[in-house]
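Let me begin by presenting the structure, written as structure tokens, before commenting on it.
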There are 2 protein chains.
Amino acid sequence: MARLAAYKQHHEQSEGACAHAIGQSEKAERALAQSEAICRAHGVRLTPIRRKVLETLYATRRPLGAYDLAEALAPDGRRLAPVTIYRALEFLIEQGLAHRLASQNAYIATFHDDHETTAFLICEECGDVNEINPDALSSTLAGLVQAEAFRPHARFLEITGKCSQC
Amino acid sequence: MARLAAYKQHHEQSEGACAHAIGQSEKAERALAQSEAICRAHGVRLTPIRRKVLETLYATRRPLGAYDLAEALAPDGRRLAPVTIYRALEFLIEQGLAHRLASQNAYIATFHDDHETTAFLICEECGDVNEINPDALSSTLAGLVQAEAFRPHARFLEITGKCSQC
DNA sequence: GGCCGAAATGATACTTTGTTGCAAAAACCC
DNA sequence: GGGTTTTTGCAACAAAGTATCATTTCGGCC
């Protein structure tokens with residue numbers, strides 16, 4: 001897909017001199033440590049494969065397709081089978097550590113600010129994704145969902161548009 | 001996919017005695033007439049294929065995959081090529097007559113209440129989709145989007161959960 | 001009516017994304 | 001250490017979506 005190619009291109013361009021990458025890597029490390037804690041608390045195992053997938057997602061800070069992940073995890077030798085990636089992703093999503101961006105057919109690690117509702121602002125130009133947890137959105141959703149007698153399960157909203165940079 | 005099989009099964013079950021189908025068909029016809037008006041206004045053509053796809057979506061009142069549509073449009077003879085369906089869907093989406101439910105890899109006709117923000121409440125059990133246009137959501141989104149300096153393009157929210165029936 | 005360019009459809013092959021089923025290996029429990 | 005559960009490997013497959021080019025249809029124009 002052109003989308004993924006664009007992601008990579010952008011990623012390579014910004015690799016050397018990405019201003020906000022500084023400070024983001026610490027953030028990713030904190031989130032990773034927190035992820036481990038969550039797994040311990042849930043009594044589940046963050047195995048090497050799962051951890052590596054999660055690390056890659058945090059390091060990229062950008063939605064990655066399952067096949068992109070497979071490639072990223074095998075820079076040298078042979079790559080993991082798709083099903084292995086999908087199983088790792090399934091696990092991460094179950095534990096709330098990652099999320100599938102359906103509109104992009106891609107996956108992204110979540111920063112677990114423990115709010116009820118999370119929205120992803122997806123820039124259509126640069127592909128950047130911003131995770132926000134506005135309380136206003138939580139209450140609005142809660143209200144309208146009550147009005148419709150609907151019990152929401154996944155409270156993730158994907159909003160595509162143009163980010164402040166573009 | 002199991003999802004599509006489930007859709008069909010549910011559809012067949014409720015075909016005979018679907019309570020809310022009465023009244024819904026008129027609604028669909030109104031929406032169809034309105035769609036024609038929109039196309040005329042836009043100076044674009046609602047060709048037979050496009051119209052049939054739209055009709056099927058309205059009649060089903062449920063997200064349909066592109067391949068489901070291909071099958072539905074060829075009960076007798078040979079079915080349309082995938083690309084034909086996708087082109088029709090692309091057209092309908094461009095004109096705002098249909099929407100792609102990314103989380104379902106499926107497509108659904110929209111009832112054009114001309115609000116800014118549309119949310120789809122997707123029941124994970126029965127597959128029913130309810131389209132709502134709450135003003136509260138519009139303003140909430142507008143606010144937070146302003147706070148993030150983000151210009152949203154597509155204002156469609158997909159919320160999965162459990163509907164009042166299930 | 002007949003012609004021409006643009007829009008729409010057909011046909012074919014292909015890519016990307018995700019799944020199924022079963023076997024091997026590793027981790028956990030006692 | 002033995003048995004069970006969980007995780008990973010492997011191979012084939014299914015589903016969703018796209019690219020390319022040829023053919024037909026539509027709309028305007030003379």
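Labels below follow one simple rule: chain letters A, B, ... track the order of the sequence lines, proteins then strands, and each chain is numbered from 1. Every heavy atom of this structure was used, including side-chain atoms; hydrogens, water molecules and symmetry mates were not.
Side-chain N/O atoms of B:Thr47 include none lying less than 4.0 angstrom from OP1 or OP2 on C:dA7.
In this structure, B:Leu80 atom CG and C:dT12 atom P are separated by 14 Å, rounded to whole Å. Between A:Tyr86 atom OH and D:dC10 atom P the separation is 18 Å, expressed in whole Å. Computed from coordinates, the A:Gln104 CD to C:dT16 C1' distance equals 15 Å when rounded to whole Å. Summarising the geometry, the separation between CG on A:Leu89 and C1' on C:dG18 is reported as 11 Å, rounded to the nearest angstrom. Distance CD (A:Glu90) to C1' (C:dT17): 15 Å, rounded to an integer number of Å. Look at CD1 on B:Ile85: it is 13 Å from C1' on D:dG17, rounded to the nearest Å. The OH atom of A:Tyr107 sits 16 Å away from the P atom of C:dT16 (whole-angstrom rounding). With rounding to whole Å, B:Ile49 atom CD1 is found 13 Å from C:dA11 atom C1'.
Tracing side-chain contacts under 4.5 Å through hydrophobic residues (I, L, V, M, F, W, Y), one reaches B:Val145 starting from A:Ile132; they form part of the same cluster.
At the heavy-atom level, B:Arg79 lies nowhere under 4.0 Å from the strands shown. Using a 4.0 Å heavy-atom cutoff across all strands shown, A:Arg87 reaches at least one base atom of the nucleic acid. At a threshold of 4.0 angstrom between heavy atoms, the contacts of A:Phe91 with the nucleic acid are absent.
For the helix from C:dG1-D:dC30 to C:dC30-D:dG1, the terminal axes (five pairs an end, C1' atoms, rotation from four pairs onto the next four) enclose an angle of 30°, given to 10 degrees.
Applying the salt bridge (charged side-chain N to carboxylate O under 4.0 Å, His left out) test to every pair with at least one member in residues 156-166 of chain B, sequence neighbours left out, gives these pairs: B:Glu125-B:Lys162.
Scanning for side chain to side chain donor-acceptor pair (under 3.5 Å) contacts around A:Ser138 gives A:Thr117, with sequence neighbours left out. A:Glu55 pairs by the salt bridge (Lys or Arg N to Asp or Glu O under 4.0 Å) definition with A:Arg51, not counting sequence neighbours.
Proximity of the aromatic rings of A:His99 and A:Tyr107 is defined here by a centroid distance below 6.0 angstrom, and this criterion is not met.
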Using nucleotides 25-27 of chain D, report all nitrogen or oxygen pairs with the protein that are shorter than 3.5 Å.
residue	atom	partner	partner atom	Å
D:dC26	O3'	B:Arg45	NH1	2.9

Scan nucleotides 4-6 of chain C against the protein and return all N/O pairs shorter than 3.5 Å with their distances rounded to 0.1 Å.
none

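Of all the heavy atoms in B:Ser35 and B:Tyr58, the pair that sits closest is OG-OH, 3.5 Å.
Between D:dG17, C:dT17, C:dA8, one nucleotide has an atom nearer to the side chain of B:Arg50 than all others, and that is C:dA8. In this structure, of C:dT19, D:dG17, C:dT12, it is C:dT12 that holds the atom nearest to the side chain of B:Ala81. When each of D:dT7, C:dA11, D:dC10 is scored by its nearest atom to the side-chain atoms of B:Arg78, the top-ranked nucleotide is C:dA11.
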